[in-house]
Amino acid sequence: MKKRIVALLLLLALILTACASEAGLSRDGKESENVHSFPDRREEGNTVPDVDMGAADGNTYRNMVLGLSASFPEDWTVCDDAQLAAWNGLDEATFDRAAVLDAINAGQDVTVFSAGQSFDGPSVVISASKNPLPGKDADALVNHFSPLVKDRFDQSASMELISCDSLDVDFCGEDHVALAVCFDKVGLETVYEKILYLPVGDLLYTLTVTTGAEDTTDALLSYFEALD
């Protein structure tokens, strides 16, 4: 039941993000002393450097490239690789950084982390894709994606956009521009989302926090802390 609930929340977040470890864990199921030391695979014909999917230890997530960690409450469900592979349309048996990178190079927006509480409760999704504006800052990315997000809702028969605005939020102890979205979905209460665009060279990580009933997205962002 929890998997179905988180899956439904993920689908809501993907509509927006599609417009774009110390624990010793790795995404290929093997232990690694340098989980986040990735070679640059562009010499093999890829167009972006290797991707950091991060690593989860229980309900704590760390991503060294993004320089952040987050610890979620015990009643949250952190999605495993099998779920992520299925949602991304990738093979679970080969779901690792190389497969994710290949999908990104093919133009896919790949979900690398997802966690949530319940169907109408909060959720967090992190995806990775090609950066459409290499060298530009988060403000430029928000300006780029804002009309694309609005177009998505204009084309949807099941969701009605209420507002879509850029604003500054507190993220990892610093001010960061975000895209704040509010919409109604058929059969659900009003949904609130904040989308942060985190560029890393030729890669773009998109972090989406989602809540229903009332806007507690700032509380979700407070789960994240900068790594020392």
* To do: Please examine the side chains of Val181 and Ile195, heavy atoms only from C-beta on, and report whether any two atoms are closer than 4.5 Å.
  => yes

* **Note, Val209 side chain near Pro122 side chain (heavy atom, < 4.5 Å)** => no

* Any link between Val149 and Ile162 through a network of hydrophobic side chains (Ile, Leu, Val, Met, Phe, Trp, Tyr) touching at under 4.5 Å? -> no

* Is Val110 reachable from Phe113 through a run of I, L, V, M, F, W or Y residues, each pair having side-chain heavy atoms under 4.5 Å apart? -> yes

Per-pair distances, 0.1 Å, donor-acceptor, side chain in residues 137-148, under 3.5 Å, sequence neighbours excluded:
unit_1: Asp137; atom_1: OD1; unit_2: Asp139; atom_2: N; d: 3.3
unit_1: Asp137; atom_1: OD1; unit_2: Ala140; atom_2: N; d: 3.0
unit_1: Asn143; atom_1: ND2; unit_2: Asp139; atom_2: O; d: 3.3

* With rounding to the nearest 0.5 Å, note down the distance linking OG in Ser114 to CG in Asn88. => 10.0 Å

* Taking all atoms of both residues into account, what is the closest heavy-atom pair of Gly58 and Val78, and its distance? -> O-CG2, 3.9 Å

* Asked: Side chains of Asp218 and Lys194: closer than 4.5 Å at any heavy-atom pair?
  -> yes

* Asked: Is Val100 close to Val112 at the side-chain level, that is, under 4.5 Å between some pair of heavy atoms?
  -> yes

* Might you point out which heavy atoms bring Gly54 and Tyr61 nearest each other, and give the distance in Å? => CA-OH, 3.6 Å

* Asked: Should Val169 and Val124 be regarded as members of a common hydrophobic cluster, given that ILVMFWY residues are connected when their side-chain heavy atoms come within less than 4.5 Å of each other, either directly or indirectly?
  -> yes

* Structure fact -> Here the pair of heavy atoms bringing Pro134 nearest to Asn131 is CD-O, 3.3 Å

* **Spacing of CG belonging to Leu84 relative to OG1 belonging to Thr111, to within rounding of 0.5 Å** => 7.0 Å

* Are any side-chain N or O atoms of Asn63 and backbone N or O atoms of Leu68, one a donor and one an acceptor, separated by less than 3.5 Å? -> no

* To do: Output all residues satisfying ring pair (Phe, Tyr, Trp, His ring centres under 6.0 Å) with Phe224, sequence neighbours left out; order by chain, then residue number.
  => Phe171

* To do: Using side chain to side chain contact (heavy atoms under 4.5 Å, CB included) as the criterion, list what pairs up with Thr60, not counting sequence neighbours.
  => Arg62, Ser71

* Asked: Under a 4.5 Å side-chain heavy-atom rule over Ile, Leu, Val, Met, Phe, Trp and Tyr, are Ile126 and Ile104 clustered together?
  -> yes

* Heavy-atom closest pair, residues Leu220 and Ser123 -> CD1-O, 3.6 Å

* Asked: Linking I/L/V/M/F/W/Y whenever any side-chain heavy atoms sit under 4.5 Å apart, do Tyr192 and Phe183 land together?
  -> no

* Structure fact -> Here the pair of heavy atoms bringing Pro199 nearest to Tyr197 is CD-O, 3.3 Å

* Check: Tyr205 and Val51 side chains under 4.5 Å, non-hydrogen atoms -> yes

* With the side chain counted from C-beta on, respond yes when Phe95 and Met53 share a heavy-atom pair under 4.5 Å apart, and no when they do not. => yes

* To do: Could I get the full list of side-chain hydrogen bond (donor to acceptor under 3.5 Å, both in side chains) partners for Ser166, not counting sequence neighbours?
  => none

* Steps toward side chain to side chain contact (heavy atoms under 4.5 Å, CB included) verdict (Leu207, Leu66) -> CA-CA 11 Å; Leu207 188 154; Leu66 294 179; over 6 Å; no

* Value rounded to 0.5 Å, distance of CE in Met64 from CG in Asp52 -> 8.0 Å

* At what distance, to the nearest 0.5 angstrom, does SG of Cys172 lie from CG of Leu227? -> 8.0 Å

* Partners of Thr216 by side-chain hydrogen bond (donor to acceptor under 3.5 Å, both in side chains), sequence neighbours excluded? -> none

* To do: Examine the side chains of Glu74 and Asn59 and answer whether a donor and an acceptor come within less than 3.5 Å of each other.
  => no

* To do: Return the set of residues passing side-chain hydrogen bond (donor to acceptor under 3.5 Å, both in side chains) with Ser222 (not counting sequence neighbours), or none when no residue passes.
  => none

* Asked: So which pairs with a foot in residues 161-179 pass salt bridge (charged side-chain N to carboxylate O under 4.0 Å, His left out), sequence neighbours left out?
  -> none

* Kindly write out the residues that satisfy side-chain hydrogen bond (donor to acceptor under 3.5 Å, both in side chains) with Asp215, not counting sequence neighbours, or none if the list is empty. => Thr217

* **Partners meeting side chain to side chain contact (heavy atoms under 4.5 Å, CB included) with Asp154 (sequence neighbours left out)** => Asp151

* For Glu92, side chain to side chain contact (heavy atoms under 4.5 Å, CB included) partners two or more places apart -> Ala82, Ala85

* Asked: Does Cys79 reach the side chain of Trp87, with side-chain heavy atoms less than 4.5 Å apart?
  -> yes

* No-hydrogen, no-angle side-chain donor-acceptor test under 3.5 Å, Glu193 and Thr210 -> yes

* To do: Spell out, as yes or no, whether a donor-acceptor pair under 3.5 Å connects the side chain of Lys130 to the backbone of Asn105.
  => yes

* Note, Leu198 side chain near His176 side chain (heavy atom, < 4.5 Å) -> yes

